[in-house]
There are 2 protein chains.
Amino acid sequence: MDEIEKVLKTHEVRPTAIRLLMYKFLKERNSAVTLNDIESGFDKSERTTLYRTIKTFEKNGLVHQIDDGTGVAKYALDEPEVGIGNSQDLHLHFHCTNCNETICLTDHKIPHISLPKGFVTQDMNLVLKGICDKCNES
Amino acid sequence: MDEIEKVLKTHEVRPTAIRLLMYKFLKERNSAVTLNDIESGFDKSERTTLYRTIKTFEKNGLVHQIDDGTGVAKYALDEPEVGIGNSQDLHLHFHCTNCNETICLTDHKIPHISLPKGFVTQDMNLVLKGICDKCNES
DNA sequence: AAGTTAATGCACTTAAGTTGCATAAATTTC
DNA sequence: GAAATTTATGCAACTTAAGTGCATTAACTT
């Protein structure tokens with residue numbers, strides 16, 4: 001059985017043709033993609049289907065949504081989980097204002113923040129904005 | 001001359017009736033507001049005008065836009081500036097997933113993050129999500 | 001007060017996200 | 001393996017927020 005097929009099944013996502021293709025598509029990218037990016041990558045298939053597919057991926061822990069401040073949702077593959085939990089969400093993202101790409105900095109965790117009494121944190125989103133390495137060298 | 005009128009003039013915003021009202025409206029709130037919130041707060045005046053007004057405020061350094069991940073832009077008054085610079089942007093925000101309010105934690109600055117070579121940071125956005133103090137006590 | 005510049009109101013457009021429903025495909029049950 | 005059931009897909013349509021063009025009105029300048 002295909003490697004990707006296994007990954008999907010592990011996450012209880014039935015491996016249909018489109019899902020396999022989308023997973024491969026996401027895997028080939030090293031930056032986060034919008035629904036439009038995905039749509040452009042597939043001649044076939046329909047916006048709604050792609051939308052629901054990515055949402056299924058998200059719900060089942062295959063991708064995470066990134067909100068980089070551009071106003072458009074982006075998605076990137078989760079790292080293969082070591083354990084259970086949402087440590088996935090706690091890495092930070094870098095958004096390049098030049099090329100508009102957003103990447104996961106998976107080994108940069110968000111530092112702990114102590115809040116005033118009464119506040120309970122469940123999730124965090126940290127986006128750094130600036131110029132990425134590629135845009136700086138060219 | 002009115003206090004608010006002075007503030008607007010200092011930021012080169014002509015103090016029209018609507019602008020004075022909107023500034024007062026923002027000042028009375030201690031959480032960030034959406035354009036819809038503003039619209040509901042004013043019987044009169046038109047969506048577009050309110051939109052352009054808040055954008056003018058933003059451009060002239062009276063408010064800052066907050067992207068809390070709900071997909072709707074929110075705005076909050078800037079703190080009175082101590083000096084020049086964008087230290088304004090570097091505080092963090094707390095979004096309560098229960099009451100949907102977003103507040104500025106102005107005295108909580110975003111800690112410094114060291115990035116890989118080639119990356120230059122110009123701006124940051126950190127949003128913590130969870131339950132706020134009000135929702136926790138009730 | 002006349003002229004100029006900026007703000008406002010109205011209509012319309014765009015873009016992303018989202019839902020309903022019929023059809024098609026895949027899985028389960030017999 | 002065929003029928004029944006569940007799930008996925010495709011199409012159309014809707015919702016919401018954001019944004020633009022342009023004529024009118026208000027504010028400021030001289």
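Lettering of chains follows the sequences in order, A, B, ..., and the numbering in each one begins at 1.
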*asked:* From the set C:dG17, D:dT9, D:dG19, return the single nucleotide nearest to any side-chain atom of A:T53.
replied: D:dT9

*Proximal nucleotide (of D:dG19, C:dT18, C:dG9) relative to the B:T49 side chain*: C:dG9

_Neighbour count >12 (heavy atoms, 6.0 Å) for atom NZ, A:K55_ = yes

Could you tell me how far apart [X] ([atom1]) and [N] ([atom2]) are, to the nearest whole angstrom?
X     : N      : atom1 : atom2 : answer
A:R47 : C:dG17 : CZ    : C1'   : 7 Å
A:E12 : D:dT6  : CD    : C1'   : 15 Å
A:N36 : C:dT18 : CG    : P     : 14 Å
A:E46 : C:dA22 : CD    : P     : 17 Å
B:R19 : D:dA26 : CZ    : P     : 15 Å
A:Y51 : C:dT19 : OH    : C1'   : 9 Å
A:L50 : D:dC11 : CG    : P     : 12 Å
A:I54 : D:dT9  : CD1   : P     : 13 Å

*Under a single-linkage definition using a 4.5 Å side-chain heavy-atom cutoff for Ile, Leu, Val, Met, Phe, Trp and Tyr, are A:Y51 and A:I18 assigned to the same hydrophobic cluster?*
yes

Indicate, with a heavy-atom threshold strictly under 4.0 Å, whether [X] touches base, sugar-phosphate, or nothing.
X     : result
B:T34 : nothing
A:T16 : sugar-phosphate
A:T56 : nothing
B:R52 : base

*Quick one: are the ring centres of A:Y75 and A:F57 less than 6.0 Å apart?*
no

*For DNA chain C, whose closest nucleotide is more 5', that of A:P15 or that of A:L35?*
A:L35

*So which of B:E5, B:K9, B:H11 actually passes side chain to side chain contact (heavy atoms under 4.5 Å, CB included) with B:V7?*
B:H11

